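Written below as structure tokens is the structure these notes are about.
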Amino acid sequence: MNRTSLAVLALITALVVIAAVVSYSRRQSEPASPGSEHLYPALEDHVNDVASITIRTGDGEFMISRHEGDWGLQTKGGYPVSFEKVKQTILGLADLRIIEPKTSRPEYYDRLGVNEPGPDAEAVLITLNDAAGDALASLVIGDPAGASGRVPRRFVRKIDQARAWLVQGQLTVHERPLDWVEREILRLPRTRVQSVTITHPDGERIHLQRDDQSRRNFAVDDVPEGYELQSDAIANPIANALGFLRMEDVAPIDEIDFAPGEVATVEFRCFNGLLVTLELLPTDEGAWIELCASADGDAVPAEPEPDVETPPDTAATQAGEINDRVTGWAFRISQSTVNILLKRMSDLTRPVEPEPDQPQDNGGTEEVDAG
């Protein structure tokens, strides 16, 4: 190969190298395609390091924290929260992807809803902390911005940065403490209930019962003389009051003073021997209740015979499951439920209407004037 050929080959090689460098440089300088870059690139590798979630809105702040693997509301004495909601929140935050940058000027934040939460700002600030208290992510969740297909978009801003972003991803924001918990306390259908006894603080006692599970309506004992039930089904709503019992609030049991003389007691007895007892302390917003369950009159022996498996739906099993959920906690229930549970005899009865006067029967003959 002569000198001319070597020179040409060297020139071609140099041009190829330069072209490759230029191409690589251009690729590096070009922005990533919309939706391909994570807002928090490192969070996906640290989701298991999250030890607490703090939510701040204009109404205040609350924290959900992990203790020995269980998640609970710190502001509600550690009451258990839905792990599924915790998981969805952490993974949703880790999977947020940048669509485009937005303003970095604070005077324009209100247009996107990314001001810090406060009386005049409806944004939500979510902070994920590790066990040491260091923030793994802290994000102001602003206004929604439609969706791309089925993937929602919204405006956000990292709390330590001026720049706002348009992002997309499945992130659900639970803004109130009770949004994180299972609101259902108990589900005891009327079909299972045999009797209900209500004892008011002043001593008035209401007892309703049925002796056959196929019987639809509940009878009320000791209806006063001269009174009758308003209808055959008047007591049925009481028996169904625990059919879907939901909480309005929750607190550790020792924070509520169930003072003697102010508490009503309601007992639900089921055909299989399950007994559910509620202590009710009325308030201006409903009532605080304490629940407990037992296996009163359960047909299954306390000590099953050898090699005999105890049926899973016995009263003892059901009582244990209920107590596992409610022991140590007081629940506030709605006023409408309280109004049903604390019925009095006067709410169920009415005076017996006297029978109308009947015309006298003179045998079909008219009276003749003897005069």
Side-chain angles (χ1 to χ4, degrees), residues 55-64 72-82 117-120 122 124 174-188 190 193 196-208 220 230 234-268 276-293 322-323 325-350:
I55 308 292
R56 178 154 63 92
T57 69
D59 295 328
E61 182 176 285
F62 63 93
M63 178 182 286
I64 299 157
L73 271 172
Q74 192 178 73
T75 47
K76 296 293 182 182
Y79 187 78
V81 301
S82 166
D120 300 322
E122 297 182 357
V124 179
H174 304 289
E175 300 182 18
R176 298 174 300 176
L178 291 185
D179 290 342
W180 292 82
V181 308
E182 173 55 63
R183 299 283 294 276
E184 181 180 314
I185 306 171
L186 181 65
R187 187 172 296 204
L188 187 68
R190 178 179 62 84
V193 177
V196 182
T197 303
I198 305 169
T199 305
H200 292 273
D202 61 6
E204 182 180 358
R205 182 176 178 273
I206 308 296
H207 182 73
L208 51 121
V220 178
Q230 295 178 19
I234 189 66
N236 292 355
I238 301 174
N240 198 41
L242 304 188
F244 185 50
L245 186 64
R246 284 171 56 87
M247 72 172 77
E248 301 292 316
D249 201 356
V250 63
I253 193 68
D254 55 6
E255 292 184 6
I256 307 298
D257 183 14
F258 288 89
E262 300 179 15
V263 175
T265 303
V266 184
E267 296 178 330
F268 285 76
V276 178
T277 302
L278 291 78
E279 302 286 336
L280 289 91
L281 178 67
T283 70
D284 294 336
E285 299 178 313
W288 285 99
I289 65 170
E290 179 181 7
L291 293 91
C292 68
I322 292 171
N323 289 333
R325 295 196 309 271
V326 304
T327 299
W329 301 101
F331 305 94
R332 183 165 59 80
I333 59 175
S334 69
Q335 187 62 57
S336 60
T337 303
V338 175
N339 291 342
I340 295 172
L341 286 169
L342 296 186
K343 292 291 188 186
R344 292 181 175 270
M345 187 66 74
S346 59
D347 299 319
L348 306 176
T349 61
R350 64 189 175 194

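In what follows, every heavy atom counts, from backbone to side chain, and hydrogens, waters and symmetry copies are set aside. Source: prediction; values computed, not measured.
Contacts of H200 classified as side-chain hydrogen bond (donor to acceptor under 3.5 Å, both in side chains), with partners at least two apart in sequence or in another chain: none. The side-chain hydrogen bond (donor to acceptor under 3.5 Å, both in side chains) test applied to E248 returns no partner, not counting sequence neighbours. Looking at residues two or more places apart in sequence or on another chain, you find a salt bridge (Lys or Arg N to Asp or Glu O under 4.0 Å) between D202 and R344. Judged as a salt bridge (Lys or Arg N to Asp or Glu O under 4.0 Å), and not counting sequence neighbours, the contacts of R56 are E61, E116. Taking the salt bridge (Lys or Arg N to Asp or Glu O under 4.0 Å) definition, one finds that R205 meets it with nothing, sequence neighbours left out. Residues forming a side-chain hydrogen bond (donor to acceptor under 3.5 Å, both in side chains) with D179 (at least two apart in sequence, or on another chain): R176. T283 pairs by the side-chain hydrogen bond (donor to acceptor under 3.5 Å, both in side chains) definition with nothing, not counting sequence neighbours. Scanning for salt bridge (Lys or Arg N to Asp or Glu O under 4.0 Å) contacts around E122 gives an empty result, with sequence neighbours left out.
The shortest heavy-atom contact between I185 and R246 is CD1-C, 3.8 Å.
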Identify all side-chain donor-acceptor contacts of residues 253-266 below 3.5 Å with residues at least two apart in sequence or on another chain.
from	atom 1	to	atom 2	distance (Å)
T265	OG1	E279	OE1	3.1
T265	OG1	E279	OE2	3.4

Less than 3.5 Å apart, which donor and acceptor atoms pair up between the side chains of residues 335-343 and the rest of the protein, not counting sequence neighbours?
from	atom 1	to	atom 2	distance (Å)
Q335	OE1	G286	N	3.3
Q335	NE2	N339	OD1	2.9
S336	OG	S334	OG	3.1
T337	OG1	S334	OG	3.0
N339	ND2	Q335	O	3.3

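Atom CE of M247 is separated from atom CH2 of W329 by 9.5 Å, given to the nearest 0.5 angstrom.
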